[in-house]
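One structure is given here, and the rest of the page talks about it.
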Amino acid sequence: MKYAIETDSLTKKYGDFLAVNDLNMKIKNKSIFGFLGPNGAGKTTTIKMLTCLIKPTSGTATVGGYDVTKNPNEVRKKIGMVPQLVSLYKDLTAKENVELCADYYGLNEDEKEERIPELMELVDIKYAEDKLVKQMSGGQKQKVSVVASLIHRPDVLFLDEPTIGLDPTTKMVLWDLIAELNDHGHTIILCSHDMYEVEMLCENVGIMNLGELAAYDTPQGLKDNLMHKNELEVLKKMESLSSIGEFTEKESDELKSIEESLKHKSIPTALFDKDPDNHSPEYLAEIQKHSKEISIMIKNMNDKILEDIKKLDVVYHVTSNQTSDGTRLTIAVDRFAENSVSNVIAIVIKDDGNIKSINTRDPSLEDVFVDVTSKKAVDKTNINIIDE
Ligand SMILES: Nc1ncnc2c1ncn2[C@@H]1O[C@H](COP(=O)(O)OP(=O)(O)OP(=O)(O)O)[C@@H](O)[C@H]1O
């Protein structure tokens, strides 16, 4: 079998609302597949159809070679699911939870005796098998969940944000585990908002947006497709007051404390870089008095630069963030358009010479995600909830 999962025009409507629209997707057997998309994109609805929790409105899907509508019981034997919110019995021990799951799948005593310790060893949770779930940490519970989901040796394992909320070390242990499970021949469907996790683990990635499969490729293939976009990052120093031209400069020892107090008010602070030791108390008092106006003036300057940059037809999008040491402009420009980068830089320099650094970088999976999902959702506030 080449594909663990194949969908054919798979569609789900909640009332009139199309949650999944005509999904055609193939997931290679024994691969790790990253399933991405913004909140509400339709991932969970798709997974629910593939795991036979809800029925498609139209279209079909096969999982492990079985049709989800015609042979749901066969599909259920082929799959395991680790939900986002761990669903274990809190008053039972880890081992008791796993045994319950084994009973659900009809394993006999010999099978239980063989598989439970084996899996507990594999995910390194055997040491805590007699601990009550309510006394376990998030990472320990997640591992018990994984053991429970694997007890019937499913071909296809669905993991819904398996590492959310875990510390970096436990995350790495789970990443190793996911790779190891894949080495053991399990196909893994990984829903995650962690781009690093997806990029590191997944052979292929599908990005859902507004109920449709908006992109599907290897992580590198997705990034290559974005190569026409070049990300330009400009870090501007805090503007000096002299560049705004409102105040005179004289010496003062109070400079640092004023700078600090302005910092706490989240107002740009490096207003003093012409000659930092050269400000009079009157001047500094004046700064404090006018700090609100000053920050508005600086914002207006930045807005003007942004407007000028946006007018260039080689620019896809611009964002501006205030950081503790200046303004960070992130500008996506057309890499292949003539002079695209230099035209943008010319505007930034002309309007404001306070440039600290300018860098370009290649697209990341996060850039791909933003690009693919930038189509905005319609207002869905009036949609009725349909119980399934
Ligand atoms: N039972 C339901 N009744 C009505 N609408 C629903 C129902 N379940 C989901 N939806 C809607 O279907 C759309 C897709 O939801 P879904 O849960 O599949 O998204 P998702 O991609 O999993 O999002 P998230 O990342 O937030 O979990 C959303 O707009 C959601 O509001």
Side-chain angles (χ1 to χ4, degrees), residues 5-27 32-61 63 68-69 72 75 79-87 138 142 145 149 156-166 171 174 178 187-199 201-202 204-217 219 222 365-388:
I5 294 178
E6 284 190 70
T7 71
D8 181 9
S9 299
L10 192 67
T11 299
K12 180 70 189 177
K13 275 185 166 185
Y14 293 114
D16 286 339
F17 175 63
L18 254 180
V20 174
N21 184 15
D22 198 26
L23 182 68
N24 294 295
M25 182 168 75
K26 290 179 177 170
I27 298 174
I32 307 183
F33 175 75
F35 202 27
L36 310 184
N39 298 126
K43 304 175 300 287
T44 308
T45 304
T46 304
I47 300 288
K48 280 184 177 170
M49 289 191 277
L50 297 176
T51 52
C52 308
L53 290 171
I54 59 174
K55 285 191 177 142
T57 309
S58 61
T60 55
V63 178
V68 290
T69 37
V75 170
I79 59 171
M81 171 88 192
V82 179
Q84 195 182 105
L85 298 171
V86 173
S87 56
Q142 199 65 296
S145 238
S149 70
V156 184
L157 184 62
F158 292 87
L159 301 175
D160 193 0
E161 300 207 47
T163 59
I164 197 163
L166 300 182
K171 252 187 193 186
L174 267 172
I178 292 169
T187 304
I188 294 174
I189 316 302
L190 174 66
C191 286
S192 177
H193 291 293
D194 181 333
M195 299 296 140
Y196 176 75
E197 174 172 288
V198 169
E199 190 154 7
L201 287 170
C202 299
N204 286 297
V205 172
I207 305 179
M208 290 280 286
N209 191 40
L210 302 176
E212 294 179 0
L213 188 65
Y216 181 103
D217 207 333
L222 289 169
L365 195 55
E366 201 157 319
D367 296 324
V368 174
F369 183 92
V370 172
D371 187 72
V372 168
T373 61
S374 52
K375 231 165 103 184
K376 285 279 167 281
V378 288
D379 181 16
K380 295 177 193 147
T381 41
N382 291 325
I383 290 164
N384 296 321
I385 304 297
I386 314 292
D387 283 329
E388 289 280 343

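Each ligand, and each atom within it, is numbered from 1 in the order the structure gives. It should be emphasised that the depicted structure is a prediction, and the values quoted were computed from it without experimental measurement.
When side chains are defined from C-beta on, Leu10 does not count as touching Met25, because their heavy atoms never get closer than 4.5 Å.
Interatomic distance, Ile27 CD1 to Ile189 CD1, rounded to the nearest 0.5 Å: 4.0 Å. Taken to the nearest 0.5 Å, the CD1 atom of Ile79 stands 10.5 Å off from the OG atom of Ser149.
Against a heavy-atom cut-off of under 4.0 Å, Asn39 is close to the following atoms of ligand 1: 23 (O), 24 (P), 25 (O), 26 (O). Of all atoms in ligand 1, numbered sequentially from 1 with element shown, those under 4.0 Å from a heavy atom of His193 are 25 (O).
For ligand 1, the polar-atom distance check finds no N/O of Gly37 at less than 3.5 Å from any of the ligand's N/O atoms. Checking only distances, Ala19 never comes within under 3.5 Å of ligand 1, N or O to N or O.
When all heavy atoms of Val205 and Pro219 are compared, the pair lying nearest together is CG2-CG, 3.9 Å. The two atoms that bring Leu222 and Tyr216 nearest to each other are CD2-N, 4.2 Å, heavy atoms only. Taking both residues in full, the closest heavy atoms of Thr11 and Met49 are given as O-SD, 4.0 Å, listed atom of the first, atom of the second, then distance.
When Phe17, Phe35, Tyr14 are checked for heavy-atom proximity to atom 7 (C) of ligand 1, Tyr14 turns out nearest. The residue among Ala41, Cys191, Gly40, Gly42 with a heavy atom at the shortest distance from atom 28 (C) of ligand 1 is Gly40. Distances from atom 22 (O) of ligand 1 to the heavy atoms of Asp160, Thr45, Ile54, Thr44 show the closest one on Thr44.
When heavy-atom distances to ligand 1 are checked against a 4.0 Å cut-off, Met208 has no atom that comes that close, whether in backbone or side chain.
For the ligand labelled ligand 1, residue Pro38 lies inside the 4.0 Å heavy-atom shell. At a 4.0 Å cut-off, not a single heavy atom of Lys48 sits close enough to ligand 1 to count as contact.
Under 3.5 Å, the side chains of Ser9 and Asp22 contain a donor-acceptor pair of N or O atoms.
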